[in-house]
Every structure is written in structure tokens, then in C-alpha cells.
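One structure coming up, written as C-alpha cells, with questions to follow.
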Protein chains: 2
Amino acid sequence: MDDLDFPKFVPLFENLDDETLQKISELGKRKTFGRDSIILMEHETGHALFVIISGKVKVSRESDDGREVILTYLSPNDFFGEMALLDGLTRSATVTAIEESELFIIERADFLDLLYDRPEVSVSLLQELTRRLRAADMKIKSLSLKDAEGKVATVILQIADEVGKIKQGVVEIEKLPYQHDLANMAGTSRETISRTLHGFVKKGLIELDGNKLRITNYEEFRKQFS
Amino acid sequence: MDDLDFPKFVPLFENLDDETLQKISELGKRKTFGRDSIILMEHETGHALFVIISGKVKVSRESDDGREVILTYLSPNDFFGEMALLDGLTRSATVTAIEESELFIIERADFLDLLYDRPEVSVSLLQELTRRLRAADMKIKSLSLKDAEGKVATVILQIADEVGKIKQGVVEIEKLPYQHDLANMAGTSRETISRTLHGFVKKGLIELDGNKLRITNYEEFRKQFS
DNA sequence: CAAATTTAGTGACTTTTCTCACAATATTAA
DNA sequence: TTAATATTGTGAGAAAAGTCACTAAATTTG
């Protein structure tokens, strides 16, 4: 089985036998989305499950006045679209490719068949949704009772957990998002992001170097803002 | 089949045949929790799934300084505990009975067996988690970009959707939670809740009458704050 | 039913954060 | 390489919401 249409190591499908994988591969199709192209719009009805093969996408919601809230970024092996797919309601968020991204797409009906046929796929899916719900609850807590400093710290920690590299006890984020985007993630303003980050530098909690950010004492930082 | 240990109409189990229902009933057990008793603590490891038979519980997270964030209230037929149960991580929230509540409890291993054996239970569960994730995303959006008025409105709408009764075009919440709790749900202060609610009354959006709250023009209210 | 306790309303002041304005860098395109 | 554009830094004033202190009302308890 090496003519699969998607990487075999997608965790969502990790426990399936080769025959089933082959079948899934035939059911779905690949599609490439260019940088900044919209993959799904808020309020659109859900027809398919999308698995990210390569690239990076942004999941966001937008308010009337045009301001956007970035809910999360997704990377290869992550998937989305499952919400509208399962409950048939309209989608809750907009998904945009932030760099050229290749996706594997399975239609709703085919995916539902798979769930009934292969309980282990459901369990994988449940674990992932559970992980996201936990992250969402953490974010709600952060937004509810923290001041600007705490919110920014929470966002930094979230990014560090997703893409941070550990180098001799120091956690490094190599490509920190723009302050504008950090503001949308933290629920604060761009200026506050700038001031807060420099506040952290002054306190010796982090180091900034271009768009690299190093958390010099990760344990301490985490403890102070968890 | 009328000697079941839990109500047959729990949506989570709605598509199961009588034999399976009977088996589940034997696997789990009932337990009653008194008012204000803690059912699950944050950071405790997950061993079981809890289905609410009667009563009402509160799901919350607490910060170091003792302030609490109410994530949601759950009512009969709702369930919880599934997060720690699926991913094995520690729990993300504390669950407290806010009135005497009777719960049906299934141990982790038994429930996992059920999931593999009965794909439709997984799909039910997926739908519910999906619903919660959608609600959580909405709340994150609300907390991120709304002012106090918007946050309070979002909480009122959320409560109205859960327990509001529609009486000739007017949506009525019969037992509005205490302002203290509304504040913890909205991520604001008790005083701001008081002032904001009276602001809504002045604008003719709602009516207050003891602990009843009527949204006089639901459509308009929803439109203004969605 | 009176006293005690909870819950709610509100003014005054404080603090935080936002917003605006503009300068300083950095990055990209011509 | 220079110009154009995008991103970041920062002061100052405005606005929003929090906190404190106290009163009023409602509810519970003895």
C-alpha cells in the first residue's frame, strides 16, 4: 500500500488496516489551496471532512465590525470540518490557508459510513475533540479572569506548546505571529501586545530576537501564568 | 425492559436496543449528591462517565486567587467526565451539584468497551462534544471582542437558549442565576452585571421582575449582540 | 415575625486598557 | 538600492470597567 492519497501517519487513521486505508484513499480527494484562500466560510453548511496534508491554516471567527478572533492555527495531520459534518448545523468558523496548503477531503456521507464501520476512528476523533474542548476551556478561563499580561502569557504558552522547540532548557518559538494576530488571539490590542512583551523582557522572563521568542525560564513562566 | 437503572431517553443512549440498554444499566450504578457537594475536582484523574438523571450541576474552573469561572450548567440527560475518560489526562474542570442530583455512573473501561461495540454511541458523543465546542468557540469570540454589555448579552442569550420559555413572542428566563454567578459566567464584575442589566431595561430590551428576566424583543436582542 | 444573612443597586474613585498619533524599523517590490 | 509597504514602539489622553463603600431590598432562619 504505497499509493495512498494521504499520509498513512495521520493520527485520525492510525489504527486502520491497509485495506481500509486504501478504501478511504479512494473515497477522498486531494486539493491544493493557495496562500490566503478561504477554504470554508462561516455559516456555510458542512459537506466534508478536511485533513491537512501540508501547509498551515487559520481558524477564525469574524464580528460585524470586521474584527477577527483567531481561534487556532492548524498544521499537517490536523483536521477540521467535523463540526458541521456531525451535527449538520452551519459552520462556526472560517478557515483560511495562510500558506499554500494541500488538503485531503472526504465527503460527509462517506465519512459517516466510516465512523459506523470503524469505531476506532470515532475514538480517535473523540480524543481530538476532547483535546480541543480542553484547550477552549483553558482559553475561556484565561479570557475571563486574567488581565492583559495574563492573556498574552496564555497565548505565548499555547503557541509554545504547539510549535515551540526545546533547546537546552529554553523554549524557543521561531516564527512568532505578527503582533496584530497575537492581539486577535489574546483578545487585546496590538499596542498592548507590544508593551506587554517588552514588559516580559524587562522582567527577564523572555528574550526577543527578531521574530524569535525564547522563554528563558519555561517552568517559572508557566507557573506564574497558569 | 422497565427495570433500567437510568431513563431510557438519555440521548446518548437513544439508539440502542433493549438488550444493550439492560447491559449498560447493569454495568453502571446510581449515586445521589447533595446540594453543594463536589462531584469531581479539577486535576483529579478520570475514571468514569457521569450521566445526570435529575438535579443540576455546575462546571467551573478556579484560579489561584479563588475566583471561579463558570463554564456551563448541566441538566438532566447531560453527561460529563468524558474528557478525562477519553484522553487519560487530568480533568479540566470542577463539577459541583448545585441542587440535590442523582447521577448514573459508568466506569471508564466499561464505557470504552461500549464505544467499540456500539458505534452509534460514539456518534452521539461526537455530536454532543461538537455542540459544546461550538458553544465554547462562541464564548471565546464573545470574551475576545465584546465590551461588558456584549458579554452580558451573550450570557443572557446562552441561558435563554438553554432554559428560556417562549410565551407569545417573549422569551422568559424564570430563575435567573445570581448576579455573582452571571459575573463569573460573563467574565466581568457583579456591579457591572447590575448596571448593564438595568441599562438593557432602560433601552427597552429586557424586563426584570424578581428573578425573572424577559427578553421583550428576542429577535432584535439577538441581532444586536450576536 | 423579627433578626440575621444574602443578594442587589449605586455613587465616587482608581486602575487598566484602548485608541490615536506618529516615529522608528523592517521587509518587500520596483 | 531606493521607494513603497508592512510591522513595531511609545507617549498621551480618553474611555471602559473594576473596586470600594455603603444603602436598600429580599430571603432565610430562629
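The sequence lines fix the lettering, A, B, ..., with proteins before strands; numbering per chain opens at 1.
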Fill in the blank from the handout: Rounded to whole Å, CG of Leu176(B) lies from C1' of dA26(D) at a distance of 15 Å
Exercise for the section: Please report, rounded to the nearest Å, how far the P atom of dT8(D) is from the CG atom of Asn211(A). Expected result: 8 Å
Handout entry: Whole-Å gap separating C1' (dA17(D)) and CG (Leu182(B))
Key = 17 Å
Practice task
Kindly say if Gln179(B) contacts the phosphate of dT6(C), meaning a side-chain N or O under 4.0 Å from OP1 or OP2.
Solution key: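 So the side chain of Gln179(B) is outside the cut-off, no N or O lying under 4.0 Å from OP1 or OP2 of dT6(C).
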Practice task
Examine dT17(C): is either OP1 or OP2 under 4.0 Å from a nitrogen or oxygen in the side chain of Thr188(A)? Give yes or no.
Solution key: no
Exercise for the section: Please work out which of the three classes, parallel, tilted or perpendicular, describes the rings of Phe80(A) and Phe50(A), given edges at 30° and 60°. Expected result: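 Parallel.
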Practice task
Test salt bridge (Lys or Arg N to Asp or Glu O under 4.0 Å) on Glu128(B) and Arg132(B) and set out the steps.
Solution key: CA-CA 6 Å; Glu128(B) 173 61 17; Arg132(B) 288 190 198 169; 3.0 Å; yes
Practice task
Between Tyr178(A) and Lys146(A), just flag the one whose closest nucleotide in DNA chain C comes earlier from the 5' side.
Solution key: Lys146(A)
Exercise for the section: Supply the atom-to-atom distance Lys58(B) NZ to Leu71(B) CG, rounded to the nearest 0.5 angstrom. Expected result: 11.0 Å
Practice task
Determine: side-chain N/O of His180(B) to OP1/OP2 of dA8(C), distance under 4.0 Å, yes or no.
Solution key: no
Listing, residues 142-160 of chain B side-chain donor-acceptor contacts under 3.5 Å, not counting sequence neighbours, or none:
from	atom 1	to	atom 2	distance (Å)
Ser142(B)	OG	Thr154(B)	OG1	3.1
Ser144(B)	OG	Ile140(B)	O	2.8
Lys146(B)	NZ	Thr154(B)	OG1	3.2
Lys146(B)	NZ	Phe225(B)	O	2.7
Asp147(B)	OD1	Glu149(B)	N	3.4
Asp147(B)	OD1	Gly150(B)	N	3.0
Glu149(B)	OE1	Lys203(B)	NZ	3.4
Glu149(B)	OE2	Lys203(B)	NZ	2.9
Thr154(B)	OG1	Gly150(B)	O	2.8

Problem - base_contact_polar (dG18(D) base, Arg190(B) side chain, donor-acceptor, <3.5 Å) - result: no
Handout entry: Nearest-nucleotide pick for Asp147(B), side chain only, options being dA17(D), dC20(C), dT10(C)
Key =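 Among the listed nucleotides, the one closest to the side chain of Asp147(B) is dA17(D).
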Exercise for the section: Ignoring backbone atoms, test whether Ser194(A) places a side-chain nitrogen or oxygen under 4.0 Å from the OP1 or OP2 oxygen of dT8(D). Expected result: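 No.
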Exercise for the section: Just compare dC18(C), dT19(D), dG18(D) and give me whichever is closest to any side-chain atom of Thr192(B). Expected result: dG18(D)
Practice task
Name the residue closer to the 5' end of DNA chain C, choosing between Gly210(A) and Glu149(A) according to the nucleotide with the nearest heavy atom.
Solution key: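 Taking each residue's closest nucleotide, the earlier one in sequence belongs to Glu149(A).
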Practice task
Send over the distance from Leu208(A) CG to dT8(D) P, rounded to a whole Å.
Solution key: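 Between P of dT8(D) and CG of Leu208(A): 11 Å.
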Problem - Interatomic distance, His198(A) NE2 vs dT17(C) P [rounded to whole Å] - result: 17 Å
Practice task
Report yes or no: is there a donor-acceptor pair, N or O only, under 3.5 Å between the side chain of Arg195(B) and the base of dG18(D)?
Solution key: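 Result: no qualifying N/O pair found.
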List the atom pairs, with distances to 0.1 Å, where a side-chain N or O of residues 185-196 of chain B and a protein N or O form a donor-acceptor pair under 3.5 Å, not counting sequence neighbours.
from	atom 1	to	atom 2	distance (Å)
Ser189(B)	OG	Thr192(B)	N	3.3
Ser189(B)	OG	Thr192(B)	OG1	3.0
Thr196(B)	OG1	Thr192(B)	O	2.6

Handout entry: d(CD1, Ile193(B); C1', dA16(D)) in whole Å
Key =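 Distance check: Ile193(B) CD1 to dA16(D) C1' gives 15 Å.
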Exercise for the section: Starting at atom CD of Glu191(A), determine the distance to atom C1' of dA23(C), rounded to an integer number of angstrom. Expected result: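 After rounding, the reported distance stands at 14 Å.
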Practice task
Specify the separation, in whole Å, of atom CG of Asp209(A) and atom P of dA26(C).
Solution key: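 From Asp209(A) CG to dA26(C) P: 11 Å.
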